[in-house]
2 protein chains.
Amino acid sequence: MKKIDENTLYDTAELFKNFSDSTRIRILYCLFEKERSVTEIAELLKMNQSAISHQLRFLKNSKLVKNRRDGKTIYYSLDDDHVYNIISQGIEHVQE
Amino acid sequence: MKKIDENTLYDTAELFKNFSDSTRIRILYCLFEKERSVTEIAELLKMNQSAISHQLRFLKNSKLVKNRRDGKTIYYSLDDDHVYNIISQGIEHVQE
DNA sequence: TGAACATATGAACATTTGTTCATATGTATT
DNA sequence: AATACATATGAACAAATGTTCATATGTTCA
């Protein structure tokens, strides 16, 4: 790794902020397997739809998830290969 | 990666919380190179000693840094190989 | 022992964050 | 067009967070 400027570190903190909340990390984790609708995610996490929607927007702004519409339903999925890797590494660390 | 329980995901979020604040990630990053005293870190980051001390305690509780005393001075250093890897991967992601 | 230095800590405060509630938007079906 | 369903969004609120200030603790050296 080469020398890093301050802005890069700020941006890196922003990236990790996505993974620092248990709701968001659980959302991302349940997208590991496959794309899911908002309702589906809300049911899986036993949280209300609004909370999930707000967090999905957060993740979307950070370009970590993408979505597609199919009729009334909007499916979310991971938008970034690194997400899987970074979270997996975090999980492995915790599991040791 | 095998199936994960809820607690593991909570703990993983806790781990990432360490990296989600720019002060903490800058502290960790400046420890990449070598161990440093509290005063030294405060000067590098242009922040007051108290703020750094509080964040170091946070990082110490999470077992991400360790310290040793040499006379009046206390030197902090990284306590975990994974820290370097996870942050590096985050930085690489941001730099793309 | 007393002064100077390095670090830690508690309290207070402002800011940020995550959730809920109510409601708006968009789509499909009848 | 009206209704039902899926999702998004704004406002309000409580809780968590990060910093500062003041001060305490611990160490060294004269």
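Any value given below was found using the heavy atoms of this structure, including those in side chains, with hydrogens, waters and symmetry copies removed. Quick note on labels: first sequence line is chain A, next is B, and so on, each numbered from 1. None of these values were measured; they are calculated from a predicted model.
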Starting from C1' on D/dA6, measure out to CD on A/E43 and report it in whole angstrom. 12 Å

Tell me: CG of B/N61 to P of D/dT17, nearest whole Å? 13 Å

Measure CG/B/D21 against C1'/D/dA16 and give the value in whole Å, please. 13 Å

Whole angstrom value for the distance that separates P of D/dA16 from CZ of A/R24: 15 Å

Partner of D/dA15 under the Watson-Crick or G-U wobble criteria, both distances under 3.5 Å, comes out as C/dT16

Taking atom CD of A/Q49 and atom CD1 of A/I52, what is their separation to the nearest 0.5 Å? 9.0 Å

Rounded to the nearest Å, what distance is computed from the CG atom of residue B/L59 to the P atom of nucleotide D/dG18? 10 Å

When the distance from CD of B/E14 to C1' of D/dA16 is rounded to whole Å, what number comes out? 11 Å

When the distance from CD1 of A/I41 to C1' of C/dT19 is rounded to whole Å, what number comes out? 17 Å

Could you tell me whether the phosphate oxygens of C/dT17, OP1 or OP2, come under 4.0 Å of any side-chain nitrogen or oxygen in A/Q55? no

Could you point out which residue of A/L28, A/L56, A/L59 forms a side-chain contact (heavy atoms from CB on, under 4.5 Å) with A/Y76? A/L56

State whether the side chain of B/R69 and the backbone N or O of B/I74 hold a donor-acceptor pair below 3.5 Å, judged by distance alone. no

Dump every N/O contact between nucleotides 7-10 of chain C and the protein below 3.5 Å, one line per pair.
unit_1, atom_1, unit_2, atom_2, d
C/dT7, OP1, B/V38, N, 3.4
C/dT7, OP1, B/I74, N, 3.0
C/dT7, OP1, B/I74, O, 3.2
C/dT7, OP2, B/T39, N, 2.9
C/dT7, OP2, B/T39, OG1, 2.2
C/dA8, OP1, B/Y76, OH, 2.6
C/dA8, OP2, B/S53, OG, 2.7
C/dA8, N7, B/Q49, NE2, 2.7
C/dA8, N6, B/Q49, OE1, 3.3
C/dT9, O4, B/S50, OG, 2.6
C/dG10, O6, B/H54, NE2, 2.8

If you draw a 6.0 Å radius around NZ in A/K66, do more than 12 non-hydrogen atoms from other residues or ligands fall strictly inside? yes

In terms of heavy-atom contacts, does CG of B/D81 have more than 12 from other residues, nucleotides or ligands at under 6.0 Å? no

First locate atom CG of B/L15, then atom CZ of A/F16, and finally report the distance between them rounded to the nearest 0.5 Å. 8.5 Å

For A/K17 and C/dT16, is the shortest distance between a side-chain N/O and OP1 or OP2 below 4.0 Å? no

Please report the interatomic distance CG(B/L31) to CG(B/D79), rounded to the nearest 0.5 Å. 11.0 Å

A/N48 CG to C/dC21 P, straight-line distance once rounded to whole Å: 7 Å

